[in-house]
Every structure is written in structure tokens, then in C-alpha cells.
Amino acid sequence: MATANSIPLELRPLGNTGLKLSCVGFGASPLGNVFGPVSESDAIATVRQAFRLGINFFDTSPYYGGTLSEKVLGITLKALEVPRNEYIVATKCGRYIDGFDFSAERVTRSIDESLERLQLDYVDILQCHDIEFGSLDQIVNETIPALLKLKEAGKIRFIGITGLPLEIFTYVLDRVPPRTVDVVLSYCHYGVNDSTLENLLPYLKSKGVGVISASPLAMGLLTENGPPEWHPASPELKAACKAAAAHCKEKGRNISKLAMQYSLLNKDISTILVGMNSIQQVNENVAAAVELATIGKDEKTLSEIDDILKPVKNETWPSGIQQS
């Protein structure tokens with residue numbers, strides 16, 4: 001598969017799984033109408049365009065849109081009418097519209113519900129969703145052993161964990177048997193404003209764990225429109241990102257595209273997961289990756305953005321419950 005101008009989207013290995021993920025991953029939370037309504041026909045057209053342009057990784061959760069994201073993604077993947085092994089699907093467990101439940105009983109029931117909504121016999125990756133809101137010891141001693149049973153049953157192929165604080169990953173990985181957790185999904189820690197995930201990459205590599213990085217736009221901070229009202233970043237960080245976006249616009253550049261390209265630069269990260277709900281968004285994200293691969297990065301503008309963001313670089317925020 002190739003992009004519109006016949007440059008293939010790069011595929012990257014995911015840890016020791018043997019999976020090769022497109023460097024741009026399709027975040028399906030917007031298909032759950034979490035950023036406004038998306039019609040079924042638009043959703044099908046968007047996923048079809050993503051697949052046509054070389055995106056093979058699709059990520060969802062029962063939490064997104066209160067199960068709607070999974071249902072719509074299931075419909076769109078079925079509409080592709082391609083063999084199941086041509087796309088990679090990840091969903092999550094433990095976080096639901098009515099709260100968190102990482103018990104063995106709930107996550108075991110959860111995968112059956114997800115498979116029914118997705119219209120699939122198995123998912124490639126099942127991830128414990130935002131584990132910082134549960135007991136990490138329960139994740140280690142109860143949740144992951146339950147997921148291992150699902151793996152043996154053939155309902156899932158690989159096991160992942162997700163969350164905002166980076167220290168949760170080392171806590172769990174240091175306490176489970178080697179090769180138990182296959183993947184981590186980190187968000188908002190590998191972008192132009194915060195690259196702290198970089199410090200963890202050698203450790204994750206030593207554990208054979210694949211890395212997915214989500215939200216390269218820092219949940220809307222790195223956009224011309226700015227973040228939503230609820231964004232938990234400090235006023236200083238919001239102001240610096242707003243100044244960086246204005247600087248880019250002045251130079252005829254788009255901060256979102258530059259932020260996406262920055263996140264794509266690190267080849268130790270298998271895929272950059274970004275939410276999409278329109279053909280235009282798909283085209284823009286793939287074009288950013290192709291441009292990076294063919295022309296290279298805009299060193300000068302990235303350096304100027306870096307100077308603007310320097311006072312707030314790597315400033316994170318408390319883990320909230322709005323997005324991930």
C-alpha cells in the first residue's frame with residue numbers, strides 16, 4: 001500500500017511482538033462522537049482512506065463514547081472487506097463510562113463485549129486502560145494474570161498497559177515476569193513540549209516492550225485553535241504553546257504538522273497515535289509523515305518553537321480523567 005504520491009508509509013516493529021505498525025496510528029476515540037458527531041458513512045470513508053494510505057493500526061476502548069467508538073470501528077473495519085491479518089486492532093479494558101474496574105472478572109467479561117462490538121474473533125492488543133486510577137498491585141497480581149488466560153484462549157494476542165505518569169510503567173514491568181507485558185501506550189510525553197518518554201525508552205527496550213506514543217498534539221495544546229477548556233495544563237504552558245502556534249502561523253507553518261513530525265522522528269517509538277474523524281485529518285497526518293520521510297524536518301522552525309517552549313519544557317500536569 002502506498003500513499004497518494006506512492007511513498008509507502010513506514011512500518012515499524014513493535015517490541016518483540018512480531019507486529020509491524022504503521023508509523024502513524026489511527027486513534028478511534030473520535031469515532032465515538034467525543035469531539036462532535038461523526039456519521040457512519042463519514043466514519044467508513046475515513047477508515048477506508050486511512051487503510052488505503054497505509055495506516056494499519058487502529059486503537060479504541062470501551063470507554064470512548066461509552067462503547068460507541070468500538071461499535072463504529074467494528075462497522076468500518078468490516079466495510080474494508082480485506083483479510084483480518086491486514087490490520088492491527090488494539091482495545092482496552094478496566095476503564096468504562098461508569099468508572100474503573102480492573103478485576104479479573106470484569107476484564108474477562110470486557111473482552112467478550114469488545115469483540116462483539118468490534119465484530120472480531122480476537123484483538124491484537126488488549127491494554128489495561130489508565131492504570132494509575134486503579135491499584136497497580138492489582139494490575140500486577142490480578143489483571144495481567146487474567147489477560148494471560150485470555151491470550152491462551154486466543155481472544156487476544158498481546159498485552160499492554162496505558163496511562164499518563166511514566167513511573168507506572170516501571171512499577172508494573174519490574175513486578176511481572178519477563179515478556180508478560182508486550183506493549184506500553186504513553187500519551188503526552190513525546191512531543192515538542194514534553195519529551196520525557198525518551199528517558200524511559202532504553203529501559204523499555206531492555207524489557208523487550210513495544211512503545212506506542214499517543215497525543216502528539218498534547219491534547220490540543222499544539223494546535224492553532226488551542227486546547228479545550230478542561231485542559232489540565234498550567235496557564236504558563238498554555239500561553240507558551242499559544243505563542244509557539246502564533247509564531248508558526250506567522251511563518252506560514254502549521255504547529256500541528258510540525259509537532260506530528262517531531263514525534264515521528266524517534267524510531268524507537270513504533271507508532272504515533274492520533275485521533276482522526278475525517279478524510280482531511282487522515283490526509284494531513286499521512287502527508288506529514290511522508291514529507292518527513294522525503295524532505296526531512298524543518299530544523300529551523302522546530303528550533304524556534306523549542307526556544308519559545310524552553311521555560312515550560314517537560315512540564316507535565318496531574319493525571320486527569322478527561323482524555324487518554
Participant: To the nearest 0.5 Å, how far apart are CD1 in Ile308 and NZ in Lys242?
Facilitator: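 It comes to 14.0 Å.
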Participant: Mind checking the CG-CG spacing from Leu21 to Leu14? Nearest 0.5 Å is all I need.
Facilitator: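 Result: 5.0 Å between the selected atoms.
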Participant: Does any N or O in the side chain of Asp298 come within less than 3.5 Å of the main-chain N or O of Thr301, such that one atom is a donor and the other an acceptor?
Facilitator: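 Such a contact is found between Asp298 side chain and Thr301 backbone.
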Participant: Taking it one step at a time, do Met260 and Val274 satisfy side chain to side chain contact (heavy atoms under 4.5 Å, CB included)?
Facilitator: CA-CA 9 Å; Met260 181 74 184; Val274 59; 4.1 Å; yes
Participant: With a 4.5 Å limit on heavy-atom distance, are the side chains of Leu273 and Ser215 in contact?
Facilitator: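 No - every pair of side-chain heavy atoms lies 4.5 Å or more apart.
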Participant: Taking atom types as modelled, is there a side-chain donor on Glu86 or Asn56 under 3.5 Å from an acceptor on the other?
Facilitator: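 Judged by distance alone, the side chains do not pair up.
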Participant: Transitively linked via ILVMFWY side-chain contacts under 4.5 Å: Ile44 with Leu53?
Facilitator: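 Shared cluster, no.
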Participant: Okay, side chain of Thr180, backbone of Val176: is any donor-acceptor separation there less than 3.5 Å?
Facilitator: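 No.
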Participant: Show your working on side chain to side chain contact (heavy atoms under 4.5 Å, CB included) between Val209 and Leu173 and close with a plain yes or no.
Facilitator: CA-CA 9 Å; Val209 172; Leu173 290 167; 3.9 Å; yes
Participant: So, for Ala240 and Val312, which heavy atoms are closest and what is the spacing to 0.1 Å?
Facilitator: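 Closest heavy-atom pair between Ala240 and Val312: CB-CG2, 3.6 Å.
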Participant: Which heavy-atom pair separates Gly25 from Thr271 by the least distance, and what is that distance?
Facilitator: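 Shortest heavy-atom contact: N-OG1, 3.1 Å.
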Participant: Are Leu19 and Phe57 side-chain neighbours, meaning at least one heavy-atom pair lies under 4.5 Å?
Facilitator: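 Leu19 does not reach Phe57 side chain to side chain.
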Participant: So for atom CZ, which belongs to Arg84, do other residues, nucleotides or ligands contribute more than 12 heavy atoms lying within a distance under 6.0 Å?
Facilitator: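 Yes, enclosed.
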Participant: Heavy-atom count check: over 12 atoms from other residues, nucleotides or ligands less than 6.0 Å from Lys238 NZ?
Facilitator: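 Above 12, so yes.
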Participant: How close do Cys248 and Ile305 get, heavy atom to heavy atom, and via which atoms?
Facilitator: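 Minimum heavy-atom separation between Cys248 and Ile305: SG-CD1, 3.5 Å.
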Participant: Is there a salt bridge (Lys or Arg N to Asp or Glu O under 4.0 Å) between Lys313 and Asp306? Walk through the geometry before answering.
Facilitator: CA-CA 8 Å; Lys313 182 86 170 174; Asp306 196 49; 3.6 Å; yes
Participant: Using only atom types and a distance under 3.5 Å, with no angle test, would you say the side chain of Ser195 pairs donor to acceptor with the backbone of Gly191?
Facilitator: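 Checking the backbone N and O of Gly191 against the side chain of Ser195, no donor-acceptor pair under 3.5 Å is found.
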Participant: Would you say the side chains of Asp137 and Ser135 form a donor-acceptor pair under 3.5 Å?
Facilitator: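 No, Ser135 and Asp137 have no side-chain donor paired with an acceptor closer than 3.5 Å.
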Participant: Any idea how Tyr262 and Tyr190 line up, ring-wise: parallel (<30°), tilted (30 to 60°), or perpendicular (>60°)?
Facilitator: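 Judged by the thresholds at 30° and 60°, the geometry between Tyr262 and Tyr190 is parallel.
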Participant: Please determine whether side chain to side chain donor-acceptor pair (under 3.5 Å) holds for the pair Ser29 and Ser69, giving the CA-CA distance in whole Å, both sets of side-chain angles, and the decisive distance to 0.1 Å.
Facilitator: CA-CA 6 Å; Ser29 70; Ser69 171; over 6 Å; no
Participant: Is the NZ atom of Lys205 crowded by more than 12 outside heavy atoms at less than 6.0 Å?
Facilitator: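 Not more than 12 within 6.0 Å, no.
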Participant: Distance under 6.0 Å and angle within 45° of the ring axis: does Arg95 meet both against Tyr63?
Facilitator: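 Yes; both conditions hold, so Arg95 lies above the ring face of Tyr63.
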Participant: Is it the case that Glu142 and Ser103 place a side-chain donor and acceptor less than 3.5 Å from each other?
Facilitator: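 Their side chains do not contain a donor-acceptor pair, so the 3.5 Å distance test is not met.
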Participant: Looking at every heavy atom in both Asn266 and Arg12, which two are closest together, and how far apart are they?
Facilitator: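 For Asn266 versus Arg12, the nearest heavy atoms are O-NH1, 3.2 Å.
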Participant: Using a distance-only test with no angle check, is there a side-chain donor-acceptor pair under 3.5 angstrom linking His189 and Thr196?
Facilitator: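 Indeed, the side chains of His189 and Thr196 share at least one donor-acceptor pair under 3.5 Å.
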Participant: Is any side-chain heavy atom of Val24 less than 4.5 Å from a side-chain heavy atom of Ile272?
Facilitator: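 No - every pair of side-chain heavy atoms lies 4.5 Å or more apart.
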Participant: Can I get a per-line list of side-chain donor-acceptor pairs under 3.5 Å for residues 74-81, giving both atom names and the distance, sequence neighbours left out?
Facilitator:
from  : atom 1 : to     : atom 2 : distance (Å)
Thr76 : OG1    : Val72  : O      : 3.4
Thr76 : OG1    : Leu73  : O      : 2.8
Lys78 : NZ     : Gln119 : OE1    : 3.3

Participant: Please confirm whether the backbone N or O of Ile111 pairs with a side-chain atom of Ser114, one donor and one acceptor, at under 3.5 Å?
Facilitator: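 Flag not set: sc Ser114 to bb Ile111 has no pair under 3.5 Å.
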Participant: Would you find more than 12 non-hydrogen atoms of other residues, nucleotides or ligands less than 6.0 Å from Asp98 atom CG?
Facilitator: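 Yes - once you tally the heavy atoms of other residues, nucleotides and ligands closer than 6.0 Å, there are more than 12.
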Participant: Which residues, ordered by chain and number, are linked to Tyr122 in its hydrophobic cluster, where ILVMFWY side chains connect at heavy-atom gaps below 4.5 Å, directly or through other members?
Facilitator: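 Members besides Tyr122: none; it forms no cluster.
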Participant: Return yes when atom CD of Gln280 has more than 12 non-hydrogen atoms of other residues, nucleotides or ligands closer than 6.0 Å, and no otherwise.
Facilitator: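 Counting neighbours around CD of Gln280, 12 or fewer heavy atoms of other residues, nucleotides or ligands fall under 6.0 Å, so no.
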Participant: Salt bridge (charged side-chain N to carboxylate O under 4.0 Å, His left out) with Asp124: which of Lys151, Lys155, Arg157?
Facilitator: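 When salt bridge (charged side-chain N to carboxylate O under 4.0 Å, His left out) is applied between Asp124 and each of Lys151, Lys155, Arg157, only Arg157 qualifies.
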Participant: Please examine the side chains of Asn277 and Thr46, heavy atoms only from C-beta on, and report whether any two atoms are closer than 4.5 Å.
Facilitator: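 No - every pair of side-chain heavy atoms lies 4.5 Å or more apart.
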Participant: Between atom CG of Leu204 and atom CG of Leu197, what is the distance when rounded to the nearest 0.5 Å?
Facilitator: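 Spacing of CG (Leu204) from CG (Leu197) equals 7.0 Å.
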Participant: Without hydrogens or angle criteria, can the side chains of Asn254 and Glu284 be said to hold a donor-acceptor pair below 3.5 Å?
Facilitator: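 There is no such pair (donor and acceptor under 3.5 Å, judged by atom type) between the side chains of Asn254 and Glu284.
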Participant: Are side-chain heavy atoms of Val123 and Leu115 found at a separation under 4.5 Å?
Facilitator: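 Contact flag for Val123/Leu115 side chains = yes.
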Participant: Should the ring pair His129 and Tyr64 be called parallel, tilted or perpendicular, given that the plane angle runs from 0 to 90° and is split at 30 and 60?
Facilitator: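 Correct class here is perpendicular.
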Participant: Are the side chains of Thr162 and Val184 in contact, using a 4.5 Å heavy-atom criterion?
Facilitator: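 They are not in side-chain contact.
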Participant: Does the structure place the NZ or CZ of Arg106 under 6.0 Å from the centre of the six-membered ring of Tyr96, at an angle of no more than 45° from the ring's axis?
Facilitator: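 Cation-pi check for Arg106 and Tyr96: passes.
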Participant: Around Glu105, counting heavy atoms of other residues, nucleotides and ligands shown, do more than 12 lie under 6.0 Å from its CD?
Facilitator: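 Above 12, so yes.
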Participant: Distance only, no hydrogens: is a donor on one side chain within 3.5 Å (strictly under) of an acceptor on the other, for Thr67 and Lys71?
Facilitator: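 A pair is found: one side chain offers a donor N or O, the other an acceptor, under 3.5 Å apart.
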Participant: I need the minimum non-hydrogen distance between Ile125 and Gly160, along with the two atoms involved.
Facilitator: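 Looking at all heavy atoms of both residues, the closest pair is CG2-N, 4.2 Å.
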Participant: Nearest 0.5 angstrom please: Leu221 CG to Trp317 CH2, how far?
Facilitator: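 These two atoms lie 5.0 Å from each other.
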Participant: Please identify each residue that fulfils side-chain contact (heavy atoms from CB on, under 4.5 Å) with Gln261, with sequence neighbours left out.
Facilitator: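 Lys257, Leu258, Ala288, Glu291, Leu292.
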Participant: Take Asp174 and Lys207, measure what salt bridge (Lys or Arg N to Asp or Glu O under 4.0 Å) needs, and give me the verdict at the end.
Facilitator: CA-CA 9 Å; Asp174 284 344; Lys207 295 276 187 183; 3.6 Å; yes
Participant: Just how far is it from atom NZ of Lys149 to atom CD1 of Ile156, taken to the nearest 0.5 Å?
Facilitator: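 Atom-to-atom, Lys149:NZ and Ile156:CD1 are 13.0 Å apart.
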Participant: Is the backbone N or O of Ser278 less than 3.5 Å from a side-chain atom of Asp42, with the two atoms forming a donor-acceptor pair by type?
Facilitator: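 No: the side chain of Asp42 does not pair with the backbone of Ser278.
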Participant: Where is the tightest heavy-atom contact between Cys188 and Met219, given as atom of each residue plus distance?
Facilitator: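 Reported closest heavy-atom pair: SG-CG, 3.6 Å.
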Participant: Are the side chains of Thr316 and Asp194 in touch, meaning some heavy atoms are under 4.5 Å apart?
Facilitator: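 In short, these two side chains touch, coming nearer than 4.5 Å.
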Participant: May I ask you to check whether Glu70 and Thr91 show a side-chain donor-acceptor distance below 3.5 Å?
Facilitator: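 A pair is found: one side chain offers a donor N or O, the other an acceptor, under 3.5 Å apart.
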Participant: Could you go through the side chain to side chain contact (heavy atoms under 4.5 Å, CB included) check for Val82 and Phe51 one step at a time?
Facilitator: CA-CA 10 Å; Val82 297; Phe51 185 76; 3.8 Å; yes
Participant: Could you state the interatomic distance from CG (Leu185) to NZ (Lys92), rounded to the nearest 0.5 Å?
Facilitator: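 If we round to the nearest 0.5 Å, Leu185:CG and Lys92:NZ are 6.0 Å apart.
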Participant: Working note: Val286 + Ile55, criterion side chain to side chain contact (heavy atoms under 4.5 Å, CB included); need CA distance, chi angles, decisive distance, verdict.
Facilitator: CA-CA 8 Å; Val286 172; Ile55 293 175; 3.9 Å; yes
Participant: Are Ser22 and Leu11 packed together at the side-chain level, in the sense that at least one heavy-atom pair is separated by less than 4.5 angstrom?
Facilitator: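 Yes, their side chains come closer than 4.5 Å.
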